[in-house]
Amino acid sequence: MRLSRLALIGFALFIFAHNHQVMAQPTKEPVYKGKPLSAWVAAIKDKDGKYDYRVIHTLGEMGPDASSAVPALIEALDHESGRFSAICALGEIGPEAKAAIPKLMECYLVICNELGSYKVGFTLEMIGEPGIPHLTKYLHSKDARQRRLAMSVLGQIGEPATPILMDALKDVDPDVRQMAVLAMGHIKQAPKEAMELLIEALKDKEKETREYAARLLKAIGKEAKAAVRPLRLALKDDEASVRVAAAVALASIDSDLEPLIEALHDKAARVNATLELVDLKAKDAVPALFKFLYDPEGAHLAASALTNMGNTGVTALAVALRDPNCPSLAHIAKELGYMHSDAAPAVTALIEALNADDHAIREAAARALGNIGPLAKSSVLFLVDVIDDIELEVSREAVEALGKIGPNAKEAVPALIKVLDSPDGLLVRNAIEALGAIGPNANAAVGPLLKALPVHGDGSAHTIAEALGQIGGKVEQPLLDALTDEKPGIRMAAAHAIGLMGGGDTAAQTLLIAALSDKDPEVRRVTALAIGNTHVGSKDMVNALGEALKDSNSKVRACAAFGIGQIGVSAKGTADQLITTLNDADFEARCAAAYALGRMGPEVPESVGSLIKALEDERSDVRQVAAWALGQVGLTAKMAVAPLTKSLWDEDSDVRMCAARALGMMAPESKVAAKELADALKDSNDGVRVAAARALPQLGPDAKPAVPALITMWMDKNRKFKLERWNLRQTGVVGTPSEWSWPEMKSPTSFILEEKDPEHAQANIRYAAATALQAIDPEAARRAGVK
């Protein structure tokens with residue numbers, strides 16, 4: 001018996017020791033971008049003691065995994081160099097950052113700019129429900145700003161905070177009651193239990209409280225029948241906003257639009273009432289709004305409202321437009337123009353308005369017909385008649401409208417050709433653009449346009465070139481002659497037009513090649529782009545562009561490289577010259593060279609080493625295009641997997657995004673980057689997250705470790721707060737042209753983003769995550785609710 005007791009005691013001691021040992025085992029430290037969390041926290045300050053926003057940004061990217069960094073981030077809130085980035089990072093960490101709430105509330109009083117205050121509010125909101133007890137303490141703060149912030153965040157947190165807000169509705173402090181009503185306005189569905197308190201709030205002395213009480217009753221909807229009588233009493237409130245809110249609530253609760261329509265006669269409430277009717281798409285209000293078209297004080301508002309009432313509203317506006325006694329005809333025509341093709345039912349009325357005595361009405365009608373576009377083709381001959389209007393502005397609008405109607409306006413071509421002789425430069429330009437928009441149907445205008453080229457000189461040369469390109473057809477001799485004109489603007493126009501027309505025959509191509517040696521660098525630059533636009537890979541044209549890569553002018557070199565890229569694989573003979581250009585002193589030339597090599601793809605494997613080197617370029621746009629180009633080369637560039645993996649940590653989000661895409665295109669060789677791509681799912685930039693999610697399925701079974709992160713990404717239904725890059729950098733089109741300037745080389749960076757993923761700026765994060773989950777682990781996708 002004693003032995004068995006000893007055995008039992010020994011077994012118990014063994015279990016205790018084992019459990020103690022298990023409990024004593026340290027939790028595995030999170031690792032991100034190759035460094036443990038402790039290393040990131042240790043690097044939070046630079047050698048000068050200032051906070052490094054890039055490190056804080058990385059901690060934010062780690063999200064809840066960086067929860068042990070919260071004390072360090074709280075400390076950063078006391079310092080100017082770290083405050084803003086720390087606020088953002090705490091928001092990304094979320095509920096685990098609740099200990100930061102007191103310090104965040106202090107920061108709110110210190111921050112003087114609107115953006116910083118906004119970020120504090122969103123961070124508190126992302127901390128969410130765990131922060132409710134902390135926020136409740138601030139509802140009676142001595143500082144009104146803290147009271148408002150706490151109440152607003154509680155409202156944004158929503159349903160979990162409802163009991164606190166309900167109590168606040170009964171608070172003895174009127175300021176707290178008012179803020180509680182305002183905060184409850186953020187809750188999509190106000191609780192029915194709050195109805196009595198909200199009815200009582202309709203009598204509050206503060207107008208904002210009364211207004212929001214009415215709006216919350218509207219949110220309760222049909223179940224708020226008990227509020228109908230108090231709301232009808234509120235229709236007599238001294239404040240217009242309260243009267244309108246009560247009327248809107250009655251429309252929702254009692255299906256009674258009459259009070260809202262009646263509010264149109266209330267001058268103080270008219271604007272708000274109209275806007276509410278528009279929101280409700282209340283077609284029953286059309287007759288009342290129609291009457292206000294005859295009221296000088298309400299006509300503009302009524303016309304705007306009717307444009308939002310569908311065909312019923314358009315019909316009402318068309319009827320009024322045909323009535324010469326209506327005092328707001330010009331405004332009605334303008335409003336119809338804002339509707340574009342939706343105003344097509346009013347075309348007949350707008351045609352009649354072209355004959356109005358008031359030139360403002362004629363001008364607005366012509367503009368509206370142009371905005372309606374091809375659906376207004378029945379107005380073409382009437383617009384042609386208006387070209388000779390005594391008012392120049394009307395003529396300009398008529399000509400522009402014909403261009404917007406496009407190919408359907410071919411009957412207007414003779415009249416538009418006559419306009420080319422007008423002394424008014426803007427009218428001529430409108431006519432040239434209109435002829436171009438009509439396209440091949442305006443073939444009869446080619447001769448007159450060529451004739452106009454030397455007449456109008458540099459001023460309209462570019463516009464004529466664009467029009468000739470749109471009209472197309474054979475490259476005529478006068479256009480070839482223009483390539484040697486004494487005016488550089490005309491030579492540029494000729495080159496640009498020939499490029500848009502496909503390059504023409506051998507004679508035309510020979511002259512284009514000669515233009516690459518023009519004494520004017522702008523002519524050479526435009527010619528290089530023109531040759532690229534032809535997409536013709538003839539040996540002579542490609543060789544000429546290859547030689548232009550040595551031009552003394554950097555813009556010419558860049559455009560020559562870009563032109564080669566436009567031609568693509570047919571120009572692969574220039575690969576060695578492009579590789580040399582990757583070391584050009586000009587970043588635009590390097591960028592364009594990388595783009596051209598990418599367009600040649602697997603056909604130029606010799607470019608891989610130089611493109612890998614370009615991933616280290618000092619310019620982010622060069623690094624971005626180099627990453628994209630390596631992806632285009634594909635499996636042939638497998639030696640680039642490690643450098644591209646490193647680029648997933650680049651400071652520029654577009655570089656990271658292109659690196660993720662490229663790794664996906666190199667699968668299965670890129671499977672070694674699975675962990676880093678999984679980390680990229682937490683990136684602060686949505687485009688990077690989507691690119692990583694799309695790349696992972698290409699890795700096959702090796703992508704399984706990314707499933708938890710993909711599920712988190714899928715479950716992120718209402719992500720309201722995203723970290724942005726805090727280092728400002730120049731992006732967009734290289735050499736953005738002014739309104740009438742010559743065509744510039746489009747930045748390869750913007751070109752590849754549009755080419756590969758037009759919607760990257762508004763990437764659908766959840767869709768990308770769902771698709772990846774279904775491909776990698778269908779069962780996990782099913783459990784996560786992916787359909």
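The structure presented is a predicted model; accordingly, all values stated were derived computationally and were not measured.
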Practice task
Decide yes or no on side-chain contact (heavy atoms from CB on, under 4.5 Å) for W40 and M62, but give the supporting numbers first.
Solution key: CA-CA 11 Å; W40 287 113; M62 293 181 72; 4.2 Å; yes
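- The closest side-chain heavy-atom distance from D342 to V314 is not below 4.5 Å.
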Exercise for the section: Go through the steps to decide whether H79 and F84 satisfy the test ring pair (Phe, Tyr, Trp, His ring centres under 6.0 Å), and finish with yes or no. Expected result: CA-CA 9 Å; H79 300 269; F84 184 76; over 10 Å; no
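- Listed here is the closest heavy atom pair of A356 and I361: CB-CG2, 3.7 Å.
- The shortest distance between side-chain heavy atoms of I253 and K218 does not fall below 4.5 Å.
- Here the side chains of I127 and I93 are not in contact, with every heavy-atom distance at 4.5 Å or above.
- At a cut-off of 3.5 Å, with distance as the only test, no side-chain donor of Q146 or Y108 sits close to an acceptor on the other residue.
- Looking at P95 and E129, their side chains never come closer than 4.5 Å, going by heavy atoms from C-beta outward.
- At a cut-off of 3.5 Å, with distance as the only test, no side-chain donor of K682 or T712 sits close to an acceptor on the other residue.
- In this structure, R656 and N685 have side chains that are in contact, with non-hydrogen atoms separated by less than 4.5 Å.
- Of all heavy-atom pairs between A69 and V41, the closest is CB-CG2, 3.7 Å.
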Exercise for the section: Show your working on side-chain contact (heavy atoms from CB on, under 4.5 Å) between L202 and L217 and close with a plain yes or no. Expected result: CA-CA 10 Å; L202 289 172; L217 287 165; 3.8 Å; yes
Enumerate, atom names and distances included, each donor-acceptor pair closer than 3.5 Å involving a side-chain atom of residues 300-307, sequence neighbours excluded.
residue: S304; atom: OG; partner: H300; partner atom: O; Å: 3.1
residue: S304; atom: OG; partner: E335; partner atom: OE2; Å: 2.9
residue: T307; atom: OG1; partner: S304; partner atom: O; Å: 2.5

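- At least one donor-acceptor pair under 3.5 Å links the side chain of R270 to the backbone N or O of L264.
- Under the 3.5 Å distance criterion, the side-chain polar atoms of S328 are matched with a main-chain donor or acceptor of L293.
- In this structure, CG on L165 lies 11.5 Å from CG on L197, to the nearest 0.5 angstrom.
- In this structure, V248 and N272 have side chains that are not in contact, with every pair of non-hydrogen atoms separated by 4.5 Å or more.
- A distance-only check finds a donor-acceptor pair linking the side chain of S81 to the backbone of Y51 [under 3.5 Å].
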Exercise for the section: Start with the C-alpha distance between C88 and H57, add both sets of side-chain angles, then the distance that settles side-chain contact (heavy atoms from CB on, under 4.5 Å), and finish with yes or no. Expected result: CA-CA 8 Å; C88 296; H57 165 80; over 6 Å; no
Exercise for the section: Would you check, one step at a time, whether the test side-chain contact (heavy atoms from CB on, under 4.5 Å) holds for L235 with L250? Expected result: CA-CA 10 Å; L235 292 172; L250 287 166; 3.8 Å; yes
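- Here the straight-line distance linking atom CE of M151 with atom CD1 of I164 works out to 9.5 Å at 0.5 Å rounding.
- In this structure, a donor-acceptor pair under 3.5 Å is absent between the side chains of S67 and E96.
- In terms of heavy-atom proximity, A214 sits nearest to A246 at CB-N, 4.0 Å.
- A salt bridge does not link D52 to K45: none of the charged nitrogens lies less than 4.0 Å from a carboxylate oxygen.
- Scanning both residues, S141 and R147, for their nearest heavy atoms gives O-NH1, 2.7 Å.
- With hydrogens and angles ignored, the 3.5 Å screen pairs a side-chain donor or acceptor of R766 with a backbone N or O of W714.
- Using a 4.5 Å heavy-atom threshold, the side chains of Y138 and L149 count as separate.
- M195 contributes atom CE, which lies 11.5 Å from atom NZ of K225 (distance to the nearest 0.5 angstrom).
- Looking at heavy atoms from C-beta onward, V786 lies out of side-chain contact with T771 at the 4.5 angstrom threshold.
- Counting only distance, with no hydrogens or angles, the side chain of T123 and the backbone of L90 share no donor-acceptor pair below 3.5 Å.
- Under the side-chain hydrogen bond (donor to acceptor under 3.5 Å, both in side chains) criterion, the residue pairs touching residues 226-249 are R210-D237, E211-S241, R232-D254, R232-D256, R243-D266, with sequence neighbours excluded.
- Side chain of T58 to main chain of R54: a donor-acceptor pair is present (N/O by atom type, distance under 3.5 Å, no hydrogens or angles).
- To the nearest 0.5 angstrom, D284 atom CG is 11.5 Å from L260 atom CG.
- The existence of a salt bridge linking R215 and E276 is confirmed by a sub-4.0 Å separation between a basic side-chain nitrogen and an acidic carboxylate oxygen.
- Heavy-atom minimum distance, R83 versus V110: NH1-CG1, 4.0 Å.
- Side-chain contact of K404 with N371: a donor-acceptor pair under 3.5 Å is present, judged by distance alone.
- Once rounded to the nearest 0.5 Å, the distance linking CG of L329 with CG of L317 reads 11.0 Å.
- The line from NZ of K283 to CG of N308 is 11.5 Å long, rounded to the nearest 0.5 Å.
- Across all their heavy atoms, A213 and A201 have their closest contact at CB-CB, 3.7 Å.
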